[in-house]
Amino acid sequence: MTETSGKTATPERPRSPRRRGPFARLSLWIRQVVAELRKVVYPTRKQLLTYTAVVLVFVAIMITIVSLLDLGLGWAMFEIFG
């Protein structure tokens, strides 16, 4: 076996990205926000009205269910406890 020189190999640390100033980071963030907003697909007026109607009907149904449960359980409590 051959001997190597007395130096041991140290693993190289990955270089950290250069730190940016606060204005550069803010500028980068704004550019990324604008880029993401360009990807957004907005609904048409017809879709928006349809979705709104679906949500309102669902909320009305849930209000009805919760109200009926409240009235029924309230009636039952008065019958049981007097």
Side-chain angles (χ1 to χ4, degrees):
M1 287 211 272
T2 63
E3 287 191 30
T4 60
S5 64
K7 295 182 181 179
T8 58
T10 58
E12 290 185 28
R13 281 198 270 167
R15 292 185 178 171
S16 61
R18 197 174 118 235
R19 208 138 151 102
R20 299 177 184 203
F23 293 112
R25 287 186 299 201
L26 180 63
S27 173
L28 174 64
W29 180 75
I30 290 173
R31 284 194 312 259
Q32 289 174 344
V33 167
V34 170
E36 288 299 318
L37 285 174
R38 287 185 180 154
K39 296 178 187 177
V40 174
V41 177
Y42 293 98
T44 64
R45 183 174 180 84
K46 183 179 178 183
Q47 289 172 330
L48 187 62
L49 292 174
T50 301
Y51 297 157
T52 303
V54 167
V55 168
L56 291 176
V57 168
F58 177 77
V59 169
I61 290 171
M62 293 308 295
I63 288 172
T64 303
I65 291 171
V66 170
S67 297
L68 290 175
L69 282 172
D70 182 48
L71 287 172
L73 291 173
W75 175 82
M77 289 298 111
F78 280 121
E79 288 296 319
I80 293 171
F81 299 111

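Given the structure is predicted, the values throughout are model-derived calculations rather than measurements.
A distance of 10.0 Å separates CG in L49 from NZ in K46, rounded to the nearest 0.5 Å.
Tested against V59, the residues L56, V57, V55 include a single side chain to side chain contact (heavy atoms under 4.5 Å, CB included) partner, V55. Applying side chain to side chain contact (heavy atoms under 4.5 Å, CB included) to I65 and the options L68, I63, I61 leaves one that passes, I61.
Applying the 6.0 Å contact sphere to CZ of R20 captures no more than 12 heavy atoms from other residues, nucleotides or ligands.
Cluster annotation: I30 is connected to V33 through the hydrophobic network of ILVMFWY side chains, with a link wherever side-chain heavy atoms come within less than 4.5 Å.
Using a distance-only test at 3.5 Å, with no hydrogens or angles considered, a donor-acceptor pair links the side chain of T52 to the main chain of L48.
Between F58 and M62 the shortest side-chain heavy-atom distance falls below 4.5 Å.
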